[in-house]
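Here's the structure we're looking at; comments come further down.
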Amino acid sequence: MTHTTHERTKVRRRRRLGAAAMIAAAALLVSGCSIQIKSEPDPSIPADTMLLASDKGTPMLERNFNPYLVNKRSASSYIYEPLVIINVLDGKETPWLAEKVDLPDARTIDYTIRDGATWSDGEAFTPEDVKFTFDLIKQYPTLDQKGAWQHIDTIEVQGQHVIMHLLDDDAPAADIVSQTLIVPEHIWKDVKSPDTWRNPNPVGTGPYVLGNYTSQQYTMDKNETYWQADKIEVNHLVIPAATGELDIVTKGFDWAYSFLSNVEGTWGAANDHNKFWFPPGGVIGLVPNMDVAPFDNVDVRRGIALALDRDKIADAATEGYLGAAGQSSLMLPNQEDELDPTLPNQGMITQDTAGALEAFAAAGYTQQGGKLVDAAGKQFSFSITTANGYADWLRAVQEVRKELGALGIDVQIKQPQPPGYQQAIQSGAFEVAMGGMGNGIMFQGFNNSFNSEFAKPIGETTSSNFGRYRNPQMDQLLAQYKETTDEATRLGLSHQMQQIVYSDFPVIGMYYGGLWGLYNDKKFTGWPDADNPYAPLQTYDQTPLLVFTHLKLRKDGE
């Protein structure tokens with residue numbers, strides 16, 4: 001199970017209702033009688049310069065461009081690049097600092113390192129920089145954000161090739177290893193404490209270099225020696241610390257990443273060129289704790305799944321911007337090519353009250369006096385744990401409580417603060433939890449959610465499989481997937497895993513969590529959207545590199 005891209009939007013979203021009220025209040029002050037608000041690009045910002053809401057001060061911006069630290073500046077990922085970029089929407093890979101990736105067998109990754117790229121200080125980028133980077137994050141494990149060394153045994157350099165020898169047959173490891181950001185050996189080899197170094201003057205291979213910096217705002221300038229410089233038409237970035245919802249709507253941003261309540265009436269109405277695209281970034285659903293009765297009973301899990309109206313839950317949670325999710329754990333239509341075609345209705349489970357009661361009856365529960373009770377007459381009662389401040393999750397849980405309550409089930413809602421929520425799911429201190437699962441990389445989504453290797457006893461902390469799901473058949477399929485590089489074989493194994501999730505309900509999928517992209521196309525064109533989903537519009541991690549290399553400066557008359 002992952003919270004991934006979803007989690008990063010939550011902090012902003014916690015305050016969106018208040019911000020929406022602020023927007024309305026500001027509009028009233030401006031117009032005196034209308035709640036309409038208008039926003040135009042700052043005329044002092046040149047046509048080739050983007051105002052970007054990708055960072056946030058707390059309230060000041062710390063000058064930290066160490067790409068491996070949690071509190072780094074977001075633009076670190078515009079400076080440092082990975083070997084391969086993976087589109088989290090569908091798992092499509094784009095070779096980057098590695099111009100080619102080969103898997104000669106299931107325990108070897110052969111990267112052909114790009115020739116001719118340079119660091120922004122003019123030094124040549126080499127395969128030795130790649131090996132140095134991986135040796136560095138092995139020496140300082142807290143820097144290994146992707147967990148590459150959980151898979152690697154040894155590394156060797158042969159000319160332009162960097163060859164990773166894995167610990168075991170582990171073909172999917174390439175998707176993890178490839179995402180590590182590469183740093184220059186000639187600078188980092190002299191850093192005494194790279195695990196705490198703030199890297200104030202970053203040198204990378206990426207499209208941008210640091211310009212002016214203050215604690216309220218910083219700028220980025222095009223790296224003129226970038227190996228794809230001909231594809232970069234956004235010559236400058238302006239990144240302020242003030243990027244709340246009110247700022248985003250009123251200050252003429254070109255690109256932002258934030259959920260806005262009533263986005264059409266706020267962002268969309270503020271400027272004719274303001275657009276938004278909210279593709280699914282994962283499946284949000286219920287995670288039953290398999291070590292807590294009666295959720296170890298598949299009939300109970302099936303009963304809950306059949307009792308739910310996912311369309312209503314999706315509408316309540318996302319204000320209608322995203323739809324109901326199926327029980328395959330895949331994101332559709334992004335991953336349609338991966339979907340098992342034999343799943344009924346593409347894996348979507350529709351509300352079936354009679355079927356739900358039949359499943360509960362098989363588990364020993366019947367309706368009496370408006371309550372669903374067990375053989376002893378005790379009402380079926382349980383709690384759902386969500387995180388305080390995650391407004392869409394709360395609205396979803398409230399709808400779930402209403403729908404299960406109609407069958408006579410008593411559902412309580414627990415809302416610890418986010419750190420308490422994380423502690424609860426990691427230690428197993430819950431009955432049912434809200435959670436996110438799946439991503440654009442099928443194997444990672446299934447392995448993280450369902451591999452029994454992560455199913456620790458209650459009280460012991462785990463980093464994945466928070467539901468403590470154990471299924472030898474699923475484990476065998478995951479192991480077989482790791483051992484093969486044949487795409488047809490992988491697809492067949494994926495279909496079998498989807499069948500298990502569909503019938504065994506280790507998670508109960510409900511709706512899609514979104515990637516909340518906002519953009520203005522007055523100055524720049526080429527933005528990703530539903531018709532051209534080459535990347536999400538998130539402003540963090542690696543996929544912004546795909547966006548920057550696609551954007552074009554709008555010409556006069558266009």
Side-chain angles (χ1 to χ4, degrees), residues 2 4-5 66-70 72 76-77 79-88 91 93-114 125-158 161-185 188-189 191 194-195 197 199 204-206 439-448 451 453-454 462-464 478-479 481-483 485 540-543 545:
T2 60
T4 74
T5 65
N66 185 325
Y68 306 125
L69 299 188
V70 174
K72 63 182 177 293
S76 298
S77 58
I79 299 171
Y80 296 99
E81 299 184 300
L83 297 171
V84 175
I85 294 179
I86 299 177
N87 182 354
V88 298
E93 299 182 359
T94 302
W96 215 253
L97 289 181
E99 61 183 19
K100 187 178 181 183
V101 183
D102 289 315
L103 301 178
D105 55 62
R107 63 174 62 198
T108 307
I109 312 171
D110 183 353
Y111 293 103
T112 303
I113 303 303
R114 189 171 300 281
F125 163 71
T126 68
E128 284 73 19
D129 288 310
V130 176
K131 185 177 187 303
F132 168 82
T133 294
F134 281 94
D135 289 341
L136 178 73
I137 65 174
K138 180 182 181 181
Q139 183 180 358
Y140 297 91
T142 58
L143 304 183
D144 188 7
Q145 292 184 323
K146 303 297 183 181
W149 280 98
Q150 296 175 21
H151 307 272
I152 300 170
D153 183 18
T154 61
I155 303 174
E156 61 176 316
V157 175
Q158 296 181 3
H161 295 259
V162 173
I163 300 173
M164 308 278 186
H165 300 285
L166 305 178
L167 292 167
D168 204 343
D169 288 346
D170 193 3
D175 291 334
I176 297 171
V177 174
S178 299
Q179 296 181 66
T180 299
L181 299 180
I182 308 302
V183 296
E185 178 180 10
W188 285 67
K189 65 182 176 60
V191 177
D195 52 343
W197 186 44
N199 189 23
T205 58
N439 56 39
I441 304 174
M442 189 287 304
F443 177 83
Q444 287 185 19
F446 277 69
N447 191 61
N448 290 344
N451 192 330
E453 176 184 346
F454 302 116
T462 185
S463 60
S464 301
L478 290 168
Y481 196 100
K482 292 174 68 174
E483 293 169 357
T485 60
Y540 55 88
D541 281 351
Q542 301 160 23
T543 49
L545 295 171

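Hydrogens, waters and symmetry mates play no part in the numbers below; they use all other heavy atoms, side chains included.
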Parallel, tilted or perpendicular, as decided by the 30° and 60° cut-offs, for the rings of Y481 and F443:
parallel
Using a 4.5 Å cut-off on heavy atoms from C-beta on, say whether the side chain of L166 contacts that of I109.
yes
Identified side-chain contact (heavy atoms from CB on, under 4.5 Å) partner of V130 from the options D135, I113, V157
I113
With a 4.5 Å cut-off on side-chain heavy atoms, are L83 and V101 touching?
no
CH2-CG distance between W149 and D144, expressed to the nearest 0.5 angstrom:
9.0 Å
On a heavy-atom basis, the closest approach of P95 and K100 is CB-N, 4.4 Å
One pair to check against side-chain contact (heavy atoms from CB on, under 4.5 Å): D175 and E93. What are the steps and the verdict?
CA-CA 9 Å; D175 291 334; E93 299 182 359; 2.3 Å; yes
Heavy-atom donor-acceptor pair, D102 side chain to P104 backbone, under 3.5 Å:
no
Counting distance only, does the side-chain N/O of S77 pair as donor-acceptor with the main-chain N or O of D541 below 3.5 Å?
yes
Can you tell me how far apart OG (S178) and CE (M164) are? Round to the nearest 0.5 Å.
8.0 Å
Grab the two heavy atoms, one from P82 and one from L545, that are nearest each other, plus how far apart they are.
CD-CD1, 4.0 Å
d(I79 CD1, K72 NZ) to nearest 0.5 Å is 11.5 Å
Q542 and V84 have their tightest heavy-atom pair at OE1-O, 3.6 Å
Inter-residue atom distance H161.NE2 - E156.CD, 0.5 Å rounding:
11.0 Å
Is F125 close to L97 at the side-chain level, that is, under 4.5 Å between some pair of heavy atoms?
yes
Minimum-distance pair of heavy atoms, taken over all atoms of P194 and Y140
CG-CE1, 3.4 Å
Residue pair Q179 / I441, side-chain heavy-atom distance below 4.5 Å
yes
My understanding is that only one of T180, T205, N199, N66 makes a side-chain hydrogen bond (donor to acceptor under 3.5 Å, both in side chains) with Y80; could you say which?
N199
Could you report the tightest heavy-atom contact between I176 and K146, atom names first, then the distance?
CG2-O, 3.0 Å
Can you find a heavy atom in the side chain of Y68 that is under 4.5 Å from one in the side chain of D195?
no
Tell me whether T133 contacts the main-chain N or O of V183 through its side chain, where contact means a donor paired with an acceptor under 3.5 Å.
yes
What are the two closest heavy atoms between F134 and A148, and how far apart are they?
CE2-CB, 4.0 Å
Does the D129 side chain pair with the main chain of P184, one donor and one acceptor, at a distance under 3.5 Å?
no
How many angstroms lie between atom CD of E185 and atom CG of L136, to the nearest 0.5 angstrom?
10.0 Å
For the side chain of D105 and the backbone of T108, is there at least one donor-acceptor N/O pair under 3.5 Å apart?
yes
Can you check whether L69 reaches S76 side chain to side chain, under 4.5 Å on heavy atoms?
no
For a 4.5 angstrom cut-off between non-hydrogen side-chain atoms, does K482 reach D170?
yes
Here the gap from L143 atom CG to L181 atom CG, rounded to the nearest 0.5 Å, amounts to 11.5 Å
Non-hydrogen side-chain atoms of I163 and T154 separated by less than 4.5 Å:
no
I'd like to know if D168 pairs up with R107 as an ion pair, taking the criterion as any Lys NZ or Arg NE/NH1/NH2 lying under 4.0 Å from an Asp or Glu carboxylate oxygen.
yes
